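Note that the coordinates shown come from a computational prediction; the quantities given were computed from them, not determined experimentally.
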Amino acid sequence: VGMALTLVAVGPLAGAAGLQFSAGVEAGYEHTSNLYRTPQAPESAEFATGTGRIMLVDQTRTLYADVEAVGRWFDFPEGTPGSDFRPAADVFVMWTPVADTFGWRFTDSLGEIAANANGGLAPADRERVNVFSTGPDLRLPLGAGSYFFTAGARYSRAERGGEALTQTQ
């Protein structure tokens with residue numbers, strides 16, 4: 001349960017053809033009935049939140065790029081976890097040397113997760129996670145209609161805390 005106030009600015013950047021910029025800030029006040037997500041002695045708490053977001057998008061004839069960075073701040077009451085800042089970033093790039101037929105995709109996401117998903121709103125065991133993926137996309141028309149054959153391949157790598165994840169993680 002909570003309330004939030006959001007301010008957003010959007011527009012092109014001066015002197016940069018095709019480059020779009022948006023930024024936003026959000027402030028809120030929330031309530032939780034179980035701060036630590038424990039079945040015994042759940043603790044209610046009210047806390048302030050703040051979020052800042054920056055997004056850049058650029059598109060040319062053969063290249064599309066989208067970058068977003070987000071930072072979330074939590075201010076918990078005294079006697080609880082205290083203040084907390086959680087950064088995250090996402091990058092998506094699509095290069096299409098042959099329009100509507102062949103392209104190469106790159107994605108990268110960086111953020112933080114709790115090692116124990118049930119650890120509550122302010123887990124002490126957070127780890128950085130980075131997921132990278134890249135690969136080709138091929139799209140071929142089938143006949144004169146709107147049917148296409150689409151094929152793609154991806155190489156992905158996920159790291160947690162600077163170490164590669166295994167198949168069982």
Side-chain angles (χ1 to χ4, degrees), residues 1-28 30 37 49-74 84-121 123 125-169:
V1 178
M3 300 180 307
L5 171 64
T6 304
L7 302 171
V8 177
V10 178
L13 288 177
L19 186 62
Q20 295 288 315
F21 169 80
S22 69
V25 293
E26 179 177 299
E30 299 183 28
R37 306 272 198 269
T49 63
T51 303
R53 179 181 318 267
I54 296 174
M55 187 171 175
L56 293 170
V57 176
D58 193 14
Q59 185 168 4
T60 66
R61 186 180 63 77
T62 60
L63 190 67
Y64 174 85
D66 182 337
V67 179
E68 182 177 21
V70 177
R72 295 200 68 203
W73 170 76
F74 298 84
D84 190 20
F85 179 74
R86 300 179 195 170
D90 292 304
V91 176
F92 173 79
V93 176
M94 183 69 177
W95 175 57
T96 52
V98 182
D100 296 327
T101 303
F102 178 76
W104 198 277
R105 178 183 308 250
F106 302 88
T107 61
D108 195 11
S109 293
L110 176 65
E112 292 183 347
I113 64 166
N116 175 4
N118 295 317
L121 293 177
D125 62 348
R126 276 200 325 264
E127 296 178 302
R128 284 189 186 255
V129 174
N130 186 21
V131 179
F132 171 77
S133 177
T134 186
D137 288 330
L138 179 65
R139 184 176 180 211
L140 301 173
L142 296 175
S146 59
Y147 297 101
F148 293 90
F149 170 78
T150 303
R154 295 289 177 272
Y155 164 79
S156 295
R157 179 173 174 89
E159 294 181 355
R160 183 175 71 198
E163 297 179 14
L165 294 173
T166 64
Q167 291 181 358
T168 58
Q169 290 178 307

What residues, two or more places apart in sequence or in another chain, satisfy side-chain contact (heavy atoms from CB on, under 4.5 Å) together with Phe149? Leu140, Leu142, Ala151

Got a sec, which residues hit side-chain contact (heavy atoms from CB on, under 4.5 Å) with Pro97, two or more places apart in sequence or on another chain? Trp95, Phe102

Can you list every salt bridge (charged side-chain N to carboxylate O under 4.0 Å, His left out) pair that touches residues 88-99, not counting sequence neighbours?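 Listed by first then second residue: nothing to list.
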
Can you name the closest pair of heavy atoms from [X] and [Y] and give their distance?
| X | Y | result |
| --- | --- | --- |
| Val129 | Arg160 | CG2-CG, 4.1 Å |
| Thr107 | Phe92 | CG2-CD1, 3.3 Å |
| Ala23 | Phe21 | CB-CZ, 3.6 Å |
| Ala65 | Val93 | CB-CG2, 4.2 Å |

What's the separation between atom [atom1] in [X] and atom [atom2] in [Y], rounded to the nearest 0.5 Å?
| X | Y | atom1 | atom2 | value |
| --- | --- | --- | --- | --- |
| Ile54 | Ser22 | CD1 | OG | 9.0 Å |
| Arg128 | Glu159 | CZ | CD | 12.5 Å |
| Leu138 | Thr101 | CG | OG1 | 7.5 Å |

Please walk me through it: do Val57 and Leu19 pass side chain to side chain contact (heavy atoms under 4.5 Å, CB included)? CA-CA 6 Å; Val57 176; Leu19 186 62; over 6 Å; no

Residues forming a side chain to side chain donor-acceptor pair (under 3.5 Å) with [X], sequence neighbours excluded:
| X | answer |
| --- | --- |
| Thr62 | none |
| Trp104 | Thr134 |
| Ser146 | none |

With sequence neighbours excluded, what pairs up with Asp137 under the salt bridge (Lys or Arg N to Asp or Glu O under 4.0 Å) test? Arg105, Arg154

Counting only heavy atoms not in Phe85, do more than 12 sit closer than 6.0 Å to its CZ atom? yes

Between side-chain atoms of residues 66-74 and protein atoms elsewhere (two or more places apart, or another chain), which donor-acceptor pairs fall under 3.5 Å?
{"from": "Glu68", "atom 1": "OE2", "to": "Arg53", "atom 2": "NH1", "distance (Å)": "2.8"}
{"from": "Arg72", "atom 1": "NE", "to": "Thr51", "atom 2": "OG1", "distance (Å)": "3.2"}

